[in-house]
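The shown structure was predicted, so the numbers you read here are calculated from the model rather than taken from an experiment.
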Amino acid sequence: MAGQEPPKKPPEKDGPPTPDMGMGMTALSYLITGMLVWGGIGWLVDHWVGTSGIFAGIGAVVGTAAGIYLIVRRLGA
């Protein structure tokens, strides 16, 4: 159609991510990784010793504490 303007682009709803989002994802990854790694080490100790989940639970708690320590130490939260 002659004489009409091309349609305008709709405004973008997704802007650049906020800087705090990166820190939140980092903190979450520290917590999850700590629980998985230390819980996995505890699970291996459970199989080596022959117990049923005691060391896996202790490892998950230690991993959570280590994750919180890293969050406070590196991110200053």
Side-chain angles (χ1 to χ4, degrees):
M1 312 245 191
Q4 291 184 351
E5 293 182 27
K8 295 181 181 178
K9 290 176 64 176
E12 292 187 26
K13 294 179 183 176
D14 295 332
T18 60
D20 293 337
M21 185 176 171
M23 289 178 60
M25 294 302 283
T26 302
L28 184 64
S29 66
Y30 284 158
L31 284 175
I32 291 173
T33 303
M35 285 189 298
L36 289 176
V37 168
W38 287 102
I41 291 171
W43 179 76
L44 289 174
V45 171
D46 276 330
H47 280 283
W48 182 54
V49 175
T51 57
S52 61
I54 294 171
F55 290 104
I58 292 171
V61 171
V62 169
T64 303
I68 292 171
Y69 173 77
L70 283 176
I71 291 168
V72 171
R73 177 85 177 169
R74 293 188 180 176
L75 300 179

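For the atom pair CD1 (Ile54) and OG (Ser52), the distance works out to 5.5 Å, reported to the nearest 0.5 Å.
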Can you give the donor-acceptor pairs under 3.5 Å from side chains of residues 34-47 to other protein atoms, not counting sequence neighbours?
{"residue": "Trp43", "atom": "NE1", "partner": "His47", "partner atom": "NE2", "Å": "3.0"}
{"residue": "Asp46", "atom": "OD1", "partner": "Thr51", "partner atom": "OG1", "Å": "2.4"}
{"residue": "Asp46", "atom": "OD1", "partner": "Phe55", "partner atom": "N", "Å": "3.0"}
{"residue": "Asp46", "atom": "OD2", "partner": "Gly53", "partner atom": "N", "Å": "3.3"}
{"residue": "Asp46", "atom": "OD2", "partner": "Phe55", "partner atom": "N", "Å": "3.4"}
{"residue": "Asp46", "atom": "OD2", "partner": "Ala56", "partner atom": "N", "Å": "3.0"}

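Hydrophobic side-chain contacts under 4.5 Å tie Tyr69 to no other Ile, Leu, Val, Met, Phe, Trp or Tyr residue.
The side chain to side chain contact (heavy atoms under 4.5 Å, CB included) with Tyr30 is formed by just one residue from the set Thr33, Leu28, Thr26; it is Thr26.
For Ala27, the side chain to side chain contact (heavy atoms under 4.5 Å, CB included) partners at least two apart in sequence or on another chain are Ile71, Leu75.
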